[in-house]
Amino acid sequence: MLQVAFIRENKDHVLKGLAKRNFTDASKKIEEVLTTDENRKTIQTELENILAESNKLSKEIGLLFKSGEQQKATLLKEKTGQLKESSKQLNEQLATAQNDLDNLLYQIPNIPNTLVPEGKGEEDNEEIFSEGDIPELHDKALPHWELAKKYDIIDFELGNKITGAGFPVYKGKGAKLQRALINYFLDKNTDAGYQEVQVPLMVNEASGFGTGQLPDKEGQMYHVTGDNLYLIPTAEVPVTNMYRDVLLKESDFPILHTGYTPCFRREAGSYGAHVRGLNRLHQFDKVEIVRIEHPNKSYDALDGMVNHVKEILQELKLPYRILRLCGADIGFTSALTYDFEVFSTAQDRWLEISSVSNFETFQANRLKLRFKNEDGKSELAHTLNGSSLALPRVLAGILENYQTENGIEIPEVLQKYTGFNTID
RNA sequence: GGAGAGGUGGCCGAGUGGUUUAAGGCGUACGCUUGGAAAGCGUAUUUAUGAGAAAUUGUAACAAGGGUUCGAAUCCCUUUCUCUCCGCCA
């Protein structure tokens with residue numbers, strides 16, 4: 001969530017940013033925010049004056065009682081009674097104004113970085129890099145869901161029976177390949193300085209709110225109503241929330257974490273060929289990297305994360321490209337996002353396998369994640385995160401791109417983790 | 001899940017209705033002292049937000065939320081977390 005002070009002081013910049021996102025009625029919304037905030041301030045000042053007055057009187061009454069001047073005290077009591085009445089009213093008004101303001105602010109997305117291209121949809125995302133040869137597959141090449149069946153390594157029907165669509169069962173070498181990928185990713189990340197953490201897979205409301213899933217996007221998460229908890233849609237939520245309500249020192253930067261978790265997403269409304277096989281699941285595994293950075297360093301950190309993910313894909317020898325998401329496609333909370341897509345040769349399409357973003361202070365403001373700067377003042381930190389990587393689509397990419405007529409080769413870098421070189 | 005006891009500042013710990021943002025201690029910072037260090041002495045040491053050029057100052061916060069009262073860390077209610085005992089359990 002943006003800070004009102006920021007909106008007030010950078011109105012033009014905010015409006016331009018919202019225009020890039022094709023945000024409708026931006027200037028109307030922003031005006032509404034500002035007037036609501038002014039209103040809130042006026043009420044608050046008035047309330048505080050009344051409270052100051054009544055605090056003063058209360059002290060006097062206390063002194064009068066002590067010195068036995070009951071009558072005078074009783075007189076003053078009547079006065080405070082009136083003050084109390086008006087402070088009650090003002091309090092209600094203040095709560096309403098604050099609530100109105102919050103509701104407005106929740107609707108306003110993060111302001112995109114200047115690098116973010118204009119655009120109307122995902123077709124306007126800017127490809128900034130691509131690498132890896134797209135293999136020439138043999139005539140009988142199959143999409144991964146058929147390979148999975150042929151070699152009996154992923155069973156989608158079994159998942160349907162146990163839970164429902166989107167909850168596959170990985171078997172034998174499929175399960176082992178998945179575990180190998182997780183270990184490989186975690187090792188790469190910890191080697192690069194990210195501290196490994198294991199975090200809860202369910203979070204409370206405050207955490208969902210902190211990273212921006214709540215209040216608007218609760219439909220994407222599974223809600224455990226009995227205990228009012230949510231299954232995490234990504235490790236970003238619990239990992240970033242480790243730093244909710246935290247006041248850091250400058251020397252604490254940079255903070256780097258990596259964590260492996262299953263992720264749960266309802267994906268309501270998705271259907272068709274795009275959700276076939278491993279393309280889109282309700283439960284999937286992901287290794288995440290999260291950084292908390294000084295505002296001056298966050299864009300260097302973002303580049304560092306992009307390069308890190310690049311290195312992993314190079315080692316896996318998968319054909320991939322990097323997109324800089326345009327204003328229409330970038331997430332609500334992000335200021336700049338790079339998507340990594342791996343080419344799924346047998347499907348002839350790109351699959352998103354990582355999304356690396358800088359949220360600047362957008363999450364930190366909600367999280368109350370601050371640090372003491374050189375002047376001794378507290379300032380919001382920057383939060384960043386990215387996938388390194390999302391497992392199912394990497395798996396799909398490997399199965400499809402590494403298939404031969406005799407079986408599926410295992411990328412060399414993974415062989416020491418799997419203990420086998422082919423699936424056949 | 002049942003019964004009981006608790007939650008106070010960076011930490012320990014006092015405080016059961018009235019100049020208490022909160023004694024005392026520890027820690028930390030600065031100064032004095034010292035050849036240097038320790039000890040000692042002195043000073044400082046929460047956050048958010050409003051006003052002010054600044055010194056300063058208003059308001060709020062003693063787990064969270066609500067209530068009683070002129071006045072709440074202190075009394076009442078709800079929620080939550082921790083500890084002890086019992087139950088269940090990988």
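Excluded from the calculations below are hydrogen atoms, water molecules and symmetry mates; all remaining heavy atoms, backbone and side chain alike, are included. Quick note on labels: first sequence line is chain A, next is B, and so on, each numbered from 1. Note that the structure is predicted; figures quoted are calculated from it, not measured.
Comparing the same atom, C1', in B:A60 and in B:U20 gives a spacing of 16 Å after rounding to whole Å. Separating the C1' atom of B:C86 from that of B:U49 is a span of 49 Å, rounded to the nearest Å. Nucleotides B:U19 and B:C26 have their C1' atoms positioned 28 Å apart, rounded to a whole Å. Going from the C1' atom of B:G13 to that of B:G27 covers 14 Å, rounded to whole Å. A distance of about 23 Å separates the P atoms of B:A64 and B:G58, rounded to the whole Å.
Shown here are the salt bridge (Lys or Arg N to Asp or Glu O under 4.0 Å) partners of A:Glu409, two or more places apart in sequence or in another chain: there are none. The salt bridge (Lys or Arg N to Asp or Glu O under 4.0 Å) search around A:Glu341 returns A:Arg321, not counting sequence neighbours. For A:Asp37, the salt bridge (Lys or Arg N to Asp or Glu O under 4.0 Å) test picks out A:Arg8, A:Arg40, with sequence neighbours left out.
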At a cut-off of 3.5 Å, list every protein nitrogen or oxygen paired with a nitrogen or oxygen from nucleotides 10-12 of chain B, distance to 0.1 Å.
none

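The partner of B:G42 is B:C30, judged by Watson-Crick or G-U wobble contacts that both fall below 3.5 Å. The partner of B:G4 is B:C83, judged by Watson-Crick or G-U wobble contacts that both fall below 3.5 Å. Base pairing of B:A90: no nucleotide in any strand meets the Watson-Crick or G-U wobble criterion (both distances under 3.5 Å). Base pairing analysis places B:G18 opposite B:C70; the two distances defining the Watson-Crick or G-U wobble pair are each below 3.5 Å. Across all strands shown, B:A64 is found opposite B:U78 as a Watson-Crick or G-U wobble partner, with both distances under 3.5 Å. For B:G35, there is no paired base (Watson-Crick or G-U wobble, both distances below 3.5 Å). B:G52 is unpaired under the Watson-Crick or G-U wobble criterion, no partner having all donor-acceptor distances under 3.5 Å. Base pairing analysis places B:C11 opposite B:G25; the two distances defining the Watson-Crick or G-U wobble pair are each below 3.5 Å.
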Report, one line per pair, each donor and acceptor closer than 3.5 Å where one atom sits in a side chain of residues 156-169 of chain A; sequence neighbours left out.
unit_1: A:Asn160; atom_1: OD1; unit_2: A:Ala165; atom_2: N; d: 3.4

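Every pair tested for salt bridge (charged side-chain N to carboxylate O under 4.0 Å, His left out) that includes a residue from residues 232-256 of chain A fails, sequence neighbours excluded, so the list is empty. Residue pairs meeting the side-chain hydrogen bond (donor to acceptor under 3.5 Å, both in side chains) criterion with at least one partner in residues 180-204 of chain A, sequence neighbours excluded, are A:Tyr184-A:Glu315, A:Asp187-A:Tyr417, A:Lys188-A:Glu311, A:Lys188-A:Glu315, A:Asn189-A:Thr258, A:Asn189-A:His308, A:Asn189-A:Ser388, A:Tyr194-A:Arg291, A:Gln195-A:His257, A:Asn204-A:Ser207. The salt bridge (charged side-chain N to carboxylate O under 4.0 Å, His left out) pairs that include a residue from residues 23-35 of chain A are A:Lys11-A:Glu31, where partners are two or more places apart or lie in different chains.
For the pair A:Glu205 CD and B:U79 C1', the computed distance is 13 Å after rounding to whole Å. One interatomic measurement links the two molecules: CG of A:Asn228 to P of B:U80, which rounds to 10 Å at whole-angstrom precision. Rounded to whole Å, atom P of B:A48 lies 12 Å from atom CD of A:Gln3. Between A:Asp245 atom CG and B:U47 atom P there is a gap of 15 Å when expressed in whole angstrom units. The distance from atom CG of A:Leu57 to atom C1' of B:U19 is 15 Å, rounded to the nearest whole Å.
Residue contacts shown for A:Lys249 are absent, as no nucleic acid heavy atom lies under 4.0 Å away. Using a 4.0 Å heavy-atom distance criterion, A:Thr80 is classed as a sugar-phosphate-only contact.
Other residues, nucleotides and ligands contribute only 12 or fewer heavy atoms inside 6.0 Å of the CD atom of A:Glu122.
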Exercise for the section: Sugar-phosphate means primed atoms, P, OP1 and OP2; the rest is base. With that split, encode nucleotides 49-68 of chain B 5' to 3' as B, S or - using protein heavy atoms under 4.0 Å. Expected result: ---------BSS--------

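With no hydrogens or angles considered, a side-chain donor-acceptor pair links A:Asn358 and A:Ser298 at under 3.5 Å.
A:His294 and A:Phe371 have tilted rings, their planes meeting at an angle from 30° to 60° on a 0 to 90° scale.
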